[in-house]
Student: 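The structure under discussion is supplied below as structure tokens; questions concerning it will follow.
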Amino acid sequence: MSIPKNPDIRVRFAPSPTGYLHVGGLRTALFNYLFAQKNNGSFILRIEDTDRKRYIPGAQEDLLKTIKEVGLDYDEGPIIGGEYGPYIQSERSDLYRKYAQELIDKGAAYYCFCTEERLEKLRNEAKENNTAVMYDGKCRNLSLEEVQEKLARNIPHVIRLKIPKEGSTVFYDVVRERVEVDNALVDDQVIIKSDGFPTYHLANVVDDHLMKISHVIRGEEWLISVPKHIFMYESLGWKVPKFVHLPLLLNPDKTKLSKRQGDVTVEDYLAKGYLPEALINFIALLGWHSSDDREFYTLEELVKAFSLKRISKSGAVFDVEKLNWMNGWYLRNLGLEYIAEKAKPYFEKAGLDISDHKKYLRVVDNARNRAVTITEMIAHSEMFYKNLTFSDEDKDIISKENTKKLFSFLIERLSSQENWSENEIKGLINETIGAVGVKGKELYFPLRLALFGEVHGPDIPTLIDILGTKEAIARLKSVLNA
RNA sequence: GGCCCCAUCGUCUAACGGUCAGGACUCAGGAUUUUCAUUCCUGCAAUAGGGGUUCGAUUCCCCUUGGGGUCACCA
């Protein structure tokens with residue numbers, strides 16, 4: 001159980017509690033998890049709650065719950081703690097202030113007293129000129145006296161990075177290899193906001209260093225801010241971690257995966273009855289692929305097969321169709337008892353009395369062969385529990401003279417013994433064809449309608465097996481007497 | 001628009017510089033089945049364009065085009 005972890009491999013997933021877990025976030029978490037597991041490293045969970053405006057109470061708990069539900073157990077993080085805690089950024093504020101001060105002392109950062117209005121004006125000007133929006137450096141060279149004086153007068157301020165104007169920053173991303181950015185194009189990023197909280201950039205760098213993170217595995221949207229981060233690492237005299245920027249998850253129209261174009265949170269999918277196994281498997285294949293044609297993996301198998309080297313560079317469209325296919329496959333191929341257990345809350349919520357476990361298992365077994373999600377399984381199961389209702393069209397079929405003869409015959413024969421095996425039912429059907437003189441559609445459609453409420457569906461032996469002889473007879477009688 | 005990243009079937013992707021460019025999803029057709037579903041089989045479908053380098057480019061280089069990301073006191 002307690003093989004010592006490799007201290008050279010430490011990765012983290014650092015969501016911010018601003019809502020439910022995004023599927024893109026799940027993919028990032030998964031790749032971090034896989035890389036850590038594969039190399040006997042540590043997978044750390046850190047909550048980045050430095051944005052007080054977007055903070056949503058309860059979101060952190062939801063995040064933790066979802067991560068647990070999909071099985072991505074972390075080695076250090078909230079609740080379980082760890083050697084490098086606390087793992088919630090709002091509890092680490094003094095640390096960020098301390099290092100921001102150190103950056104100022106080293107000439108790598110400065111106080112900025114510019115007002116929101118002035119910044120807004122700058123932004124508008126930049127937009128008009130069609131250039132990148134950048135701080136113009138007004139406060140870059142304030143004298144110590146000026147700074148002291150403004151501070152003394154309690155003028156609102158932020159702390160900005162003092163990015164060098166010359167040269168360029170070159171770094172190597174594990175996925176993208178060499179990336180070079182001209183320093184003159186790197187903005188003097190705010191690292192401490194006027195409310196005293198750090199921005200992502202500072203908090204991230206400080207925590208990654210303090211928590212001894214070896215590989216920063218995150219979405220590609222962060223690639224462009226790496227020079228800012230490197231500037232901080234180097235100014236503070238810290239070792240720069242390896243960067244692994246994952247290709248983005250895309251909407252069908254190829255833009256960054258977002259709401260509006262469908263479900264984006266893991267909770268959405270779980271609520272609809274997608275299985276964690278399918279979700280994990282599907283999402284692992286978005287931006288990563290083994291060298292062979294294999295598509296089905298358990299989490300453990302993913303750990304074995306995973307490699308950063310096989311992460312692709314281009315964005316991947318999140319194709320629900322393929323997820324559907326995969327979820328259906330898991331529904332059909334995982335253990336029946338397991339699926340039944342998973343489906344229980346959904347069935348109960350739908351108001352179905354599933355207390356007869358043997359019947360429930362048969363119902364589930366039937367439904368899982370016909371559904372893509374657990375929610376869909378309900379639609380294939382309700383008729384085994386609820387009273388059937390018939391349309392006029394249905395009634396026409398049921399009330400035909402031949403059909404009545406058919407039902408009468410079957411009621412009588414069925415009543416002759418308690419339990420019928422599926423084979424015996426098959427025999428009975430053949431017997432019926434001879435005795436009543438109906439066959440094919442004439443036989444099966446009305447029969448299925450009476451037992452199941454629909455002309456299409458499971459075959460008759462299965463239907464009777466699920467319902468039980470008694471209920472089958474009752475249903476036949478009910479339509480016969482209607 | 002500046003900068004950065006990316007580019008194989010509609011989608012996810014495979015292919016030491018030498019393959020009939022492979023697999024999967026979707027779709028179409030067929031087989032099995034009383035029907036539906038499952039399952040199985042078959043088929044449709046791609047190297048963005050142009051230049052190089054090379055005996056030979058999906059693969060290496062350049063340009064073009066296209067797409068995306070980023071440009072916050074959000075992460």
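Every chain is numbered from 1, with letters handed out A, B, ... down the list of sequences.
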Student: Mark yes when over 12 heavy atoms from residues, nucleotides or ligands other than Lys272(A) sit less than 6.0 Å from its NZ; otherwise mark no.
Tutor: no
Student: Give a yes/no answer on whether the side chain of Thr199(A) brings an N or O atom under 4.0 Å of OP1 or OP2 in rC74(B).
Tutor: no
Student: What interatomic distance, in whole Å, is found between P of rC41(B) and the corresponding atom of rG23(B)?
Tutor: 12 Å
Student: Let me know the distance between CG of Asp292(A) and P of rA14(B), rounded to the nearest Å.
Tutor: 11 Å
Student: Tell me the interatomic distance from Lys228(A), atom NZ, to rC71(B), atom P, rounded to whole angstroms.
Tutor: 7 Å
Student: State, yes or no, whether a side-chain contact exists between Tyr274(A) and Asn324(A) at a heavy-atom distance under 4.5 Å.
Tutor: yes
Student: If we take the C1' atom in both rC9(B) and rU26(B), what is their distance in whole Å?
Tutor: 12 Å
Student: Check whether the ring centres of His209(A) and Tyr233(A) lie less than 6.0 Å apart, and answer yes or no.
Tutor: no
Student: Could you check, using the six-membered ring where one of them is a Trp, whether Phe282(A) and Trp288(A) have ring centers closer than 6.0 angstrom?
Tutor: no
Student: Taking any strand in view, what nucleotide pairs with rA28(B) in a Watson-Crick or G-U wobble way, both distances under 3.5 Å?
Tutor: rU42(B)
Student: So what does Gly287(A) hit on the nucleic acid, given a heavy-atom distance under 4.0 Å: a base, only sugar-phosphate, or nothing?
Tutor: sugar-phosphate
Student: Counting side-chain heavy atoms from C-beta on, which of rA75(B), rC25(B), rA7(B) comes nearest to Glu48(A)?
Tutor: rA75(B)
Student: Classify Glu454(A) by what it touches in the nucleic acid, base, sugar-phosphate, or nothing, heavy-atom distance under 4.0 Å.
Tutor: nothing
Student: Compute the ring centroids of Phe384(A) and Phe452(A), then answer whether they are less than 6.0 Å apart.
Tutor: yes
Student: What's the closest nucleotide to the Lys53(A) side chain, out of rG10(B), rU70(B), rC74(B)?
Tutor: rC74(B)
Student: Determine, for Asp208(A) against Arg12(A), whether the closest basic-nitrogen to carboxylate-oxygen distance falls under 4.0 angstrom.
Tutor: yes
Student: Which is true for Ser16(A) with a 4.0 Å heavy-atom rule: it touches a base, it touches only sugar-phosphate, or it touches nothing?
Tutor: sugar-phosphate
Student: Between Ser90(A) and Asp49(A), is there a side-chain donor-acceptor contact under 3.5 Å, judged purely by atom types and distance?
Tutor: yes
Student: Using the 3.5 Å cut-off, write out each protein N or O paired with an N or O of nucleotides 62-67 of chain B and the distance between them.
Tutor:
none

Student: Pick base, sugar-phosphate or nothing for Val317(A), based on heavy-atom distances below 4.0 Å to the nucleic acid.
Tutor: sugar-phosphate
Student: Name the nucleic acid region contacted by Leu119(A), choosing base, sugar-phosphate or nothing; use a 4.0 angstrom heavy-atom cut-off, strictly under.
Tutor: base
Student: Ser291(A) near the nucleic acid: base, sugar-phosphate alone, or nothing, with a heavy-atom cut-off under 4.0 Å?
Tutor: sugar-phosphate
Student: Does rA15(B) have OP1 or OP2 sitting under 4.0 Å from an N or O in the side chain of Arg310(A)?
Tutor: yes
Student: Assess whether side-chain hydrogen bond (donor to acceptor under 3.5 Å, both in side chains) is satisfied between Tyr87(A) and Asp207(A), documenting all intermediate values.
Tutor: CA-CA 9 Å; Tyr87(A) 293 90; Asp207(A) 286 347; over 6 Å; no
Student: Is there, by distance only and without an angle test, a donor paired with an acceptor across the side chain of Ser194(A) and the base of rC73(B) below 3.5 Å?
Tutor: yes
Student: To the nearest Å, how far apart are Leu223(A) CG and rC71(B) P?
Tutor: 13 Å
Student: What does rU65(B) pair with, Watson-Crick or G-U, if both distances are under 3.5 Å?
Tutor: rA7(B)
Student: Check whether any side-chain heavy atom of Asp365(A) sits under 4.5 Å from a side-chain heavy atom of Leu361(A), and report yes or no.
Tutor: no
Student: Which letters describe nucleotides 31-36 of chain B, given B = protein heavy atom under 4.0 Å from base, S = only from sugar-phosphate, - = neither?
Tutor: ---BBB
Student: Provide the distance between the two C1' atoms, one in rC20(B) and one in rA15(B), to the nearest whole Å.
Tutor: 14 Å
Student: Does a side-chain N or O from Arg218(A) land closer than 4.0 Å to OP1 or OP2 of rA75(B), or not?
Tutor: no
Student: Go through the N and O atoms of the side chain of Arg176(A) and the base of rC5(B), and report whether any donor-acceptor pair is under 3.5 Å.
Tutor: no
Student: For Phe13(A) and Tyr33(A), I'd like to know if the aromatic rings sit close, meaning centre-to-centre distance below 6.0 Å.
Tutor: no
Student: Can you tell me how far P in rG52(B) sits from the matching atom in rG69(B), rounded to whole Å?
Tutor: 35 Å
Student: If we take the C1' atom in both rG18(B) and rA7(B), what is their distance in whole Å?
Tutor: 24 Å
Student: Please report the distance, rounded to the nearest Å, between OH in Tyr135(A) and P in rG2(B).
Tutor: 26 Å
Student: What's the closest nucleotide to the Ala132(A) side chain, out of rA75(B), rU38(B), rC71(B)?
Tutor: rC71(B)
Student: Measure the distance from CE on Met134(A) to C1' on rU70(B) and round it to the nearest whole Å.
Tutor: 13 Å
Student: In whole Å, I'd like the distance from the NE2 atom of His289(A) to the P atom of rG22(B).
Tutor: 15 Å
Student: Looking at the side chain of Ala316(A), which of rA7(B), rC12(B), rG23(B) is the nearest nucleotide?
Tutor: rC12(B)
Student: With a non-hydrogen cut-off below 4.0 angstrom, is Lys127(A) in contact with a base, only sugar-phosphate, or nothing?
Tutor: nothing
Student: Can you tell me how far C1' of rG69(B) sits from CG of Asp173(A), to the nearest Å?
Tutor: 14 Å
Student: By nearest nucleotide on RNA chain B, pick out whichever of Gln189(A) and Tyr200(A) is the more 5' one.
Tutor: Gln189(A)
Student: With the side chain counted from C-beta on, respond yes when Thr50(A) and Tyr200(A) share a heavy-atom pair under 4.5 Å apart, and no when they do not.
Tutor: no
Student: Find which nucleotide of RNA chain B each of Glu295(A) and Arg178(A) is nearest to by heavy atoms, and output the residue with the more 5' nucleotide.
Tutor: Arg178(A)
Student: Taking pairing as Watson-Crick or G-U wobble with both contacts under 3.5 Å, can you name the mate of rA15(B), or confirm there isn't one?
Tutor: none
Student: For the P atoms, the ones on rA45(B) and on rG10(B), what distance do you get once it is rounded to whole angstrom?
Tutor: 10 Å
Student: Within the structure provided, determine whether Phe445(A) and Thr403(A) are in side-chain contact (heavy-atom separation under 4.5 Å).
Tutor: no
Student: Taking only the side-chain nitrogens and oxygens of Arg160(A), find out if one of them lies under 4.0 Å from OP1 or OP2 of rC73(B).
Tutor: yes
Student: Would you indicate which nucleotide in rU38(B), rC73(B), rU26(B) comes nearest to any side-chain atom of Arg332(A)?
Tutor: rU38(B)
Student: Specify the separation, in whole Å, of atom CG of Leu246(A) and atom P of rC5(B).
Tutor: 17 Å
Student: Base, sugar-phosphate, or nothing: which does Thr18(A) touch, judged by heavy atoms less than 4.0 Å apart?
Tutor: nothing
Student: If you measure from the C1' atom in rC40(B) to the same atom in rU33(B), how many Å do you get, rounded?
Tutor: 13 Å
Student: Can you say whether a donor on the side chain of Lys322(A) sits under 3.5 Å from an acceptor on the base of rA24(B), or the other way round?
Tutor: yes
Student: Under 3.5 Å for both donor-acceptor distances, Watson-Crick or wobble: does rU70(B) have a partner, and if so which one?
Tutor: rG2(B)
Student: Can Glu48(A) and Arg46(A) be counted as an ion pair, charged N to O under 4.0 angstrom?
Tutor: yes
Student: Look at Arg123(A) and rC73(B) and indicate whether a side-chain polar atom (N or O) is within less than 4.0 Å of OP1 or OP2.
Tutor: yes
Student: If we only count heavy atoms from C-beta on, is the Arg448(A) to His456(A) side-chain gap below 4.5 Å?
Tutor: no
Student: With rounding to the closest Å, how many angstrom separate the P atoms on rG67(B) and rU8(B)?
Tutor: 14 Å
